[in-house]
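Below is one structure, written out as structure tokens; comments come after it.
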Amino acid sequence: MKSLVILDKIGEDNNKMVKIILFGPQGSGKGTQAELIEKEFGIPSVSTGNIFRDNMERGTELGKTAKDYIVKGHLVPDSIILRIIENRLKEKDTKNGFLLDGFPRNKVQAEGLAKITDVDAVIEIDVSDKESIKRISGRRTCKCGAVYHVFYNPPRILEICDKCGSKLFQREDDKEDAIRKRLEIYHSETKPVISFYGEKSIKINGEQSIEKVFENILSELKKRNPTK
Ligand code: AMP
């Protein structure tokens, strides 16, 4: 699946960049696609959710502040997010571009991003609320980091981790009430932001296999060739 025009351009001229935003509701498979895009283009995926989870695990001040919002399914304040993004996009590994995952999540964040940098393409992975809830509410996590799904990837013994034998649990923000709250925010605040990007936005059907979704993303990007 290599040899995209985008990659050739990066190779020819170091000033060419690929700057992508990935949108999709919880359970759309956004994280999985972000990893695939990251490998394909050699650009880092910047996930604000992962930045927070990492900080919460390490017990940093940022992690402590974010946790109160995250467990309730609320958004972390824009001023915090914009500061994180501004600093992160100054790091060296973004010299060929970046993939933003989970940001911007509302109009204020999109306007803030526009002051920091422009973007080349905006990908929206589309799945219904019903499918999102089914995927997320079935997720079970282990303290060792392993993740299962009651329908799609169940452990060998009910509720017990295959890897370490610990009892699995459901993350607070994966419970149905929190997911509904997060989906509500996605529809009311995040989705309208996509129209902000006009013709740069690409809608992909997320209710297909991982491989098919990725294939669709690549062919749409190739058509548009988002390099500068
Ligand atoms: P995610 O893994 O992207 O769903 O992020 C997990 C949680 O982190 C979200 O439910 C929010 O509470 C918080 N979060 C992540 N990204 C943002 C953002 N751009 N703006 C505000 N809150 C965010």
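Owing to the predicted nature of the structure, the values given are computational and were not obtained by experimental measurement. Counting starts at 1 for both ligands and their atoms, in listed order.
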With a 4.0 Å heavy-atom cut-off, what residues sit around ligand 1? T48, G49, F52, R53, I70, H74, L75, V76, I81, G102, F103, R105, Q109, R182
Going by salt bridge (charged side-chain N to carboxylate O under 4.0 Å, His left out), name the residues that satisfy it together with K64, two or more places apart in sequence or in a different chain. E61
Is it the case that over 12 heavy atoms from other parts of the model lie below 6.0 angstrom from the CG atom of N50? yes
Taking distance alone, no hydrogens or angles, what donor-acceptor pairs closer than 3.5 Å link side-chain atoms of residues 121-130 to residues at least two apart or in another chain?
from : atom 1 : to   : atom 2 : distance (Å)
E124 : OE2    : K191 : NZ     : 3.3
S128 : OG     : E131 : N      : 3.2
S128 : OG     : E207 : OE2    : 3.1
D129 : OD1    : H187 : NE2    : 2.7
D129 : OD2    : H187 : NE2    : 3.4

Locate the shortest heavy-atom distance separating R156 from D162; write the atom from each residue and the value. N-OD1, 2.8 Å
Do any pairs count as a ring pair (Phe, Tyr, Trp, His ring centres under 6.0 Å) and have a residue in residues 133-153, sequence neighbours left out, and if so which ones? H149-F151, H149-Y152
Give a yes or no answer on whether the side chain of Q33 reaches the backbone of I210 with a donor-acceptor pair at less than 3.5 Å. yes
